[in-house]
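Here the structure comes first, spelled out in C-alpha cells, and everything after it is commentary.
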Amino acid sequence: MTSRNRSRRSVLAVPGSSRKMIDKAKGLPADEIFLDLEDAVAPLAKQAARESIGDALAEDGWGKQVKVVRVNDWTTEWTYADVVEVVGRAGAHLDAILLPKVPDASHVQALDLLLTQVEKANGLEVGKIGIEPQIENAIGLTNIDAIATASPRVEALVFGPADFMASLNMRTLVVGEQPDGYDRGDAYHHILMTILMAARAHGVQAIDGPYLQIRDVEAFTRSAARTAALGFDGKWVLHPTQIEAANEVFSPRQSDYDRAELILDAYAFHTSAAGGGRGAVMLGDEMIDEASRKMALVISAKGRAAGM
Ligand code: GLV
Ligand code: MG
C-alpha cells in the first residue's frame, strides 16, 4: 500500500545526523516522521547521515508513522547519492521522499526516474515510494499544477515557509508569524490557498510547514488552526510538544464528526427511501442536499483516518 492516503496531521522533522534523535522519534505519536538530509545536516556530515538513516529505517521499533527522508535538492551535488544510498539500504521501509526547493515538474520527473531505477536494482516494487515536493519559492508556486501532476508518485504538496519568505525578500525572520509592518490580514494567504487548490485539484495532500518558536505551543496551535481551518491535512512539527497539538488541530472536532456521520446516515436513508433519487431533505431544522453530503464526507474521512 502506498502512503498516499495515510494521515499526515503531524509531520515530525528529525535531523538525519542525530542517531539519538532518530531513535527517540521512533516511539513518538507523529503521523509522519521525516529524516532530514538537507538543511539540518552539514555538508561534511551528509554521508554518515545517509548511512545512519538507512540503518535506522531498517531496524525494528518503529510505530505506524509514514516514514519519509528529505533528500537534498537537484541543484546540489548530493541528491543522487542520497537516493541511491537510502533506498538501497532501506527502500522496503521507506514510504516517500521529500524533495525540497522544487522549481518545476522536471525536478519531480528526475526523482521519479531515479527512484524507478533504484527500486528495480534493489528488487523493490516499482512505484511504491512516493514523492512529496516542497514548494519553497516563487517559481515553484508558479508551476504548482505541473509539479503536482509530474508523477503518479506525488502524494503531498508541502509548504516551505522559511525558504519561501527568503525567496520573496519578505521582511521577516519569524517563520510562521506575520511580517512586521503588515496589517492587512494574512501575508501567507495567497501562497497557502494556491498550494491547497493545487492539492485538491490533483487529489494529493496539502501540508503546512514549520513554526520555529518551538517553546510557544499556544502560538503554534494558533498558526496550525489557521491552515487546518482552510482545509490543510497537517503541519510540520519540530518538537515533541507540538505533536499532540497538531494531531488535535488537524482532526475534526468530535461534535463535527458526529454531525457529519448523522448527515451521511440521514441522507443515505432518505435516498434509499426515495428509490435512489437524491434531492434536498430535512435533518432536524436543517435542509441538507448533495453538497452537504460531500462536506460531511470530508469531515467523516478525516475523522476515520484519525481513528475516531
Ligand atoms: C522548510 O524547509 C522551510 O524552508 O520552511
Ligand atoms: Mg526549506
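These numbers were taken from a predicted model, which means no experiment stands behind them. Residue numbers run from 1 in the order of the sequence given. Atoms within a ligand are numbered from 1 in the order they appear, just like the ligands themselves.
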>> Working note: E177 + T172, criterion side-chain hydrogen bond (donor to acceptor under 3.5 Å, both in side chains); need CA distance, chi angles, decisive distance, verdict.
In response: CA-CA 8 Å; E177 287 300 341; T172 179; over 6 Å; no
>> Give the residues near ligand 1 by chain and number, with the criterion being a heavy-atom distance under 4.0 Å.
In response: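 Lining ligand 1 at under 4.0 Å, by heavy atoms, one finds R70, Q134, E136, G160, P161, A162, D163, P210, W236.
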Any salt bridge linking [X] with [Y]? Criterion: basic side-chain nitrogen under 4.0 Å from a carboxylate oxygen.
X	Y	value
R226	D186	yes
R259	D256	no
D55	R89	yes

> Which N, O or S atoms belonging to the protein are less than 2.8 Å from the Mg ion (ligand 2)?
Replying inline: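 Near the Mg ion (ligand 2), the protein supplies E136 OE1, D163 OD2.
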>> With side-chain hydrogen bond (donor to acceptor under 3.5 Å, both in side chains) as the test, pick out the partner of D82 among R70, R50, K46.
In response: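 Testing D82 for a side-chain hydrogen bond (donor to acceptor under 3.5 Å, both in side chains) against R70, R50, K46 leaves exactly one candidate, R50.
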>> Once you measure the plane-to-plane angle for Y211 and F220, does it fall in the parallel (<30°), tilted (30-60°) or perpendicular (>60°) bin?
In response: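 Answer is perpendicular, since the angle exceeds 60°.
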> Are T79 and N72 close enough that a side-chain donor and a side-chain acceptor fall under 3.5 Å?
Replying inline: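 No donor-acceptor contact under 3.5 Å links the two side chains.
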>> The test is side-chain hydrogen bond (donor to acceptor under 3.5 Å, both in side chains); show your working for Q205 and R4 and say whether it passes.
In response: CA-CA 8 Å; Q205 298 195 39; R4 168 176 291 273; over 6 Å; no
> More than 12 heavy atoms of other residues, nucleotides or ligands under 6.0 Å from CD of Q47: is that the case?
Replying inline: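 For Q47, atom CD is crowded (more than 12 foreign heavy atoms under 6.0 Å).
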